[in-house]
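Please read the structure below before turning to the comments.
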Amino acid sequence: MDHVYIQNIAQYVGKEITMKGWLADKTDKGKLQFLKFRDGTGFIQAVVFQKDVSPEAFDATKKLTQESSVILTGVPRAEPRAPGGYELSVKDVQVVQIAADYPITPKDHGVEFLMANRHLWLRSPRQHAILRTRARIVKAIRDWFDDNGFLLVDTPMLTPSACEGTTTLFETDYFGVPAYLTQSGQLYNEADAMAFGKVYCFGPTFRAEKSKTRRHLTEFWMVEPEWAYGTLDDYMRVGEEFVSYIVQTILKERAEELKVLERDTSKLEKVTPPFPKISYTEAVELIQKNGFPDFKWGDDFGAPHETIISEQYDKPVFVHRYPTEIKAFYMALDPTNPKVVLGADLLAPEGYGEIIGGGERSADLAYLESQIEKHKLPREAYEWYLDLRRYGAVPHCGFGLGIERTVAWICKLDHVRETIPFARMLEKIYP
RNA sequence: UGGCGGGUAGCAAUCCGGGUGAAUGCGCCGCACUGUUAAUGCGGAUAGAGGCAGGUUCGAGUCCUGCCCCGCCAGCCA
């Protein structure tokens with residue numbers, strides 16, 4: 001007989017089934033043993049009464065340690081008192097392995113210890129809630145693009161040169177020549193958009209920045225759509241529809257997980273289109289009026305400035321038309337004011353900062369040539385990119401959304417390190 | 001990289017006005033208990049010469065110096 005998974009338990013109420021998994025925790029009440037059992041799809045309480053099982057099985061139950069692997073046979077039934085609503089009345093217990101003294105106890109632990117034991121920490125209910133939410137966010141992202149005419153066209157991880165500069169890249173030895181782990185699929189995405197119209201790429205991204213904050217990883221996942229004939233306004237409209245879809249989907253599909261995480265969902269419910277949109281210039285005035293009178297037009301936002309902006313709204317907010325000087329070389333100039341570019345960032349509420357960056361890309365060959373020179377980029381590495389402006393250049397736009405920051409925001413976590421199974425952080429790569 | 005705060009038993013904390021190798025809870029073992037949810041009660045064992053290296057002192061976990069590691073914040077960014 002095939003074994004049954006906890007996530008499907010409702011279909012088997014009253015029937016004898018077998019479940020395979022691990023013992024998360026146990027409460028010994030003498031002739032009654034409560035097993036907190038998990039199988040990867042969920043947690044369920046199993047109850048072993050001495051009179052219901054063989055003496056051998058009962059003995060084995062009493063000897064089970066935390067995280068021992070075990071196969072249970074029994075009958076599930078509805079139990080209002082149990083988390084999840086179901087409970088297994090056990091008829092037989094088969095021990096697969098008795099686990100050695102398990103380091104992670106149900107009591108408090110520090111971050112250092114938990115991260116050193118990340119390979120085991122993943123088994124905890126809270127980590128399940130986060131990573132199951134992450135998986136659903138990823139599916140929502142793919143669904144939205146797939147259903148809105150975007151073609152998945154992935155971009156390379158290994159690149160011959162930097163996208164925007166060389167200081168933050170991980171270098172590898174590519175058959176004797178340097179190659180770099182990608183920090184963005186952006187430029188390749190533009191080639192793909194000129195080929196397929198509407199595309200998106202989705203994969204890991206690497207940045208060797210010495211950033212040590214709750215919002216940074218050296219390896220993180222990013223989804224980047226790019227589409228031909230798209231404008232700044234198109235991008236912001238797509239962005240708000242897209243982000244709202246993700247949030248509303250999670251509210252519906254991961255309500256149980258958000259409850260485990262004690263997430264205040266009323267704040268997420270408000271995330272619907274349209275989002276507020278303010279210009280960089282308006283944002284500067286806002287910052288000056290709220291405690292930073294010395295902030296100058298032309299300065300880039302720091303974390304405290306972003307917080308001031310996002311605190312004004314109960315939805316994510318777009319800040320558009322940044323000074324040309326502080327943005328990437330490929331950004332399109334605003335034809336009505338060449339001091340600013342047609343770019344915009346989306347700032348998440350509740351202090352989570354920038355979760356999207358993007359905008360319209362320049363289609364102007366001469367302008368891009370001058371930008372490459374101005375930014376001291378190696379011209380030959382960008383010839384293929386310039387080709388895109390020689391052969392059927394069109395206005396186009398795109399953006400990148402950081403998965404981990406989005407997960408951290410939706411789950412309301414203190415740090416992005418819990419949003420990915422094995423976080424890669426500054427000088428930390430174990431386990 | 002800078003600022004601040006930390007590194008004491010497997011884990012988490014107390015001790016931080018220097019003075020007999022101090023110490024609580026969890027975990028672990030045993031006993032009791034048919035409704036636990038971080039169970040409870042009783043009993044027991046294990047465990048560090050207090051991050052590492054120096055220094056001051058009659059005497060240092062406790063003061064000083066250097067180094068290592070961790071956390072938070074900042075810069076940079078998604």
Side-chain angles (χ1 to χ4, degrees), chain A residues 24-37 43-52 58 62-63 65-67 79-84 87 89 99-117 120-121 124-125 163-165 167-168 182-186 202-224 299-307 326-328 345-348 351-358 399-409 414-417 419-420 425-428 430:
Chain A
D25 199 7
K26 184 178 71 169
T27 302
D28 183 345
K29 289 277 297 172
K31 292 172 182 162
L32 171 60
Q33 304 278 318
F34 290 104
L35 310 181
K36 188 176 175 189
F37 177 82
F43 293 80
I44 189 170
Q45 176 158 281
V47 188
V48 186
F49 283 113
Q50 187 168 25
K51 66 176 176 52
D52 290 345
F58 196 74
K62 294 195 83 161
K63 289 198 172 76
T65 55
Q66 189 185 359
E67 285 305 321
E79 169 57 72
R81 286 174 296 180
E87 189 172 84
S89 298
D101 203 7
Y102 191 68
I104 301 178
T105 67
K107 300 285 178 173
D108 292 336
H109 296 286
V111 173
E112 183 179 2
F113 176 78
L114 289 170
M115 285 306 284
N117 288 282
L120 302 176
W121 190 21
S124 307
C163 187
E164 296 165 36
T167 52
T168 63
T182 182
Q183 64 168 5
S184 167
Q186 151 82 52
F202 189 14
T205 304
F206 308 88
R207 302 207 180 157
E209 288 156 0
K210 302 265 185 197
S211 305
K212 229 169 77 172
T213 81
R214 62 169 71 182
R215 295 185 303 278
H216 285 86
L217 297 171
T218 55
E219 175 185 306
F220 65 97
W221 286 64
M222 188 155 68
V223 61
E224 295 173 277
D299 291 346
D300 208 350
F301 301 146
H305 311 124
E306 286 184 352
T307 302
I326 60 172
K327 284 294 177 184
D345 291 346
L346 183 68
L347 306 181
Y352 283 90
E354 184 185 340
I355 54 170
I356 283 182
F399 65 90
L401 172 122
I403 304 305
E404 287 74 19
R405 286 188 184 177
T406 303
V407 176
W409 164 46
D414 293 337
H415 198 296
V416 291
R417 65 183 155 227
T419 65
I420 188 165
M425 294 186 291
L426 187 57
E427 285 162 11
K428 254 198 311 203
Y430 178 91

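Order of the sequence lines fixes the chain letters, A, B, ..., with proteins taken first and strands second; residue numbering starts at 1 for each chain.
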Gap in Å between the two C1' atoms, one belonging to B:C31 and one to B:C68, rounded: 47 Å
B:U56 to B:G61 separation - P atoms, rounded to the nearest Å: 16 Å
Separation of atom CZ in A:R417 from atom P in B:C70, rounded to whole Å: 12 Å
Closest-nucleotide ordering on RNA chain B, the 5'-leading residue of A:M425 and A:P304: A:M425
Exam field: side chain A:E404 to backbone A:R417, donor-acceptor pair closer than 3.5 Å: no
For A:E354, side-chain contact (heavy atoms from CB on, under 4.5 Å) partners two or more places apart: A:E306, A:D345, A:L347, A:R405
Length of the line joining A:H216:NE2 and B:G71:P, which is rounded to integer Å: 16 Å
Residues which pass ring pair (Phe, Tyr, Trp, His ring centres under 6.0 Å) with A:H109, listed by chain and number, not counting sequence neighbours: A:F113
Distance in angstrom units between A:E219 CD and B:A78 C1', rounded: 14 Å
Touch class at under 4.0 angstrom, heavy-atom based, for A:H305 against every strand present: nothing
Sugar-phosphate, base or nothing in reach of A:T406, heavy atoms under 4.0 Å: nothing
Touch class at under 4.0 angstrom, heavy-atom based, for A:K63 against every strand present: nothing
P gap between B:G17 and B:G7, integer Å: 14 Å
Sugar-phosphate only, base, or nothing, as touched by A:G353 at under 4.0 Å among non-hydrogen atoms: nothing
Distance in angstrom units between A:D25 CG and B:U40 P, rounded: 12 Å
Validation row: A:F34, A:V47 side chains within 4.5 angstrom (heavy atoms): yes
Using a cut-off of under 3.5 Å, enumerate the N/O to N/O pairs linking the protein to nucleotides 31-35 of chain B.
from: B:C33; atom 1: N4; to: A:D28; atom 2: OD1; distance (Å): 3.1
from: B:C33; atom 1: N4; to: A:G30; atom 2: N; distance (Å): 3.1
from: B:G35; atom 1: O2'; to: A:R81; atom 2: NH1; distance (Å): 3.2
from: B:G35; atom 1: N1; to: A:E87; atom 2: OE1; distance (Å): 3.0
from: B:G35; atom 1: N2; to: A:E87; atom 2: OE1; distance (Å): 3.3
from: B:G35; atom 1: N2; to: A:E87; atom 2: OE2; distance (Å): 2.5

Backbone N/O of A:Q183 and side chain of A:R207: donor-acceptor pair under 3.5 Å: yes
Length of the line joining A:H415:NE2 and B:C73:C1', which is rounded to integer Å: 11 Å
Residue whose closest nucleotide on RNA chain B lies nearer the 5' end, A:K428 versus A:G402: A:K428
side-chain contact (heavy atoms from CB on, under 4.5 Å) partners for A:A46, two or more places apart: A:L35, A:L72, A:L88, A:V90
Distance-minimising heavy-atom pair for A:L426 and A:S211: CB-O, 4.1 Å
Minimal non-hydrogen separation, A:V416 against A:A408, with atom names: CG1-CB, 4.1 Å
Base B:C77 paired with A:R405 side chain (donor-acceptor, <3.5 Å): yes
Separation of the C1' atoms in B:A49 and B:A9, to the nearest angstrom: 12 Å
Spacing of A:I356 atom CD1 relative to B:C77 atom P, expressed in whole Å: 17 Å
Sugar-phosphate, base or nothing in reach of A:I403, heavy atoms under 4.0 Å: nothing
Side-chain donor or acceptor of A:Q66 paired with backbone N/O of A:I104 under 3.5 Å: yes
For nucleotides 3-12 of chain B, which of its nitrogen or oxygen atoms have a protein nitrogen or oxygen under 3.5 Å away, and what is each distance?
from: B:C11; atom 1: O2'; to: A:D108; atom 2: O; distance (Å): 3.4
from: B:C11; atom 1: O2'; to: A:H109; atom 2: ND1; distance (Å): 2.4
from: B:A12; atom 1: OP1; to: A:G110; atom 2: N; distance (Å): 3.0
from: B:A12; atom 1: O4'; to: A:D108; atom 2: O; distance (Å): 3.4

Side-chain heavy-atom pair A:D52, A:S89 within 4.5 angstrom cut-off: no
Sugar-phosphate only, base, or nothing, as touched by A:E306 at under 4.0 Å among non-hydrogen atoms: base
Non-neighbouring partners of A:W121 that pass ring pair (Phe, Tyr, Trp, His ring centres under 6.0 Å), sequence neighbours left out: none
Working for side chain to side chain contact (heavy atoms under 4.5 Å, CB included), residues A:M425 and A:M115: CA-CA 11 Å; A:M425 294 186 291; A:M115 285 306 284; 4.0 Å; yes
Salt bridge (Lys or Arg N to Asp or Glu O under 4.0 Å) partners of A:E224, counting only residues at least two apart: none
B:A38 to B:C26 separation - P atoms, rounded to the nearest Å: 15 Å
Watson-Crick or G-U stems of RNA chain B, 3 or more pairs, under 3.5 Å, by first number: B:1-7 with B:68-74, B:10-12 with B:24-26, B:28-32 with B:40-44, B:51-55 with B:63-67
Euclidean distance, atom CZ of residue A:F220 to atom P of B:C77 [Å, nearest integer]: 12 Å
Distance in angstrom units between A:L120 CG and B:G27 C1', rounded: 15 Å
Test side-chain contact (heavy atoms from CB on, under 4.5 Å) applied to A:K62 - qualifying residues, sequence neighbours left out: A:D28, A:Q33, A:F58
Whole-Å C1' distance, B:A53 and B:G44: 40 Å
Inter-nucleotide C1' distance (B:C52, B:C42), Å rounded: 43 Å
Contacts of type salt bridge (Lys or Arg N to Asp or Glu O under 4.0 Å), residue A:E67, not counting sequence neighbours: A:R38, A:R123
With A:P125 via side-chain contact (heavy atoms from CB on, under 4.5 Å) - residues at least two apart: A:K36, A:F43
Sub-3.5 Å pairs of nitrogen or oxygen atoms, protein against nucleotides 42-47 of chain B:
none

Pairwise P distance for B:G25 and B:G18, with rounding to whole Å: 28 Å
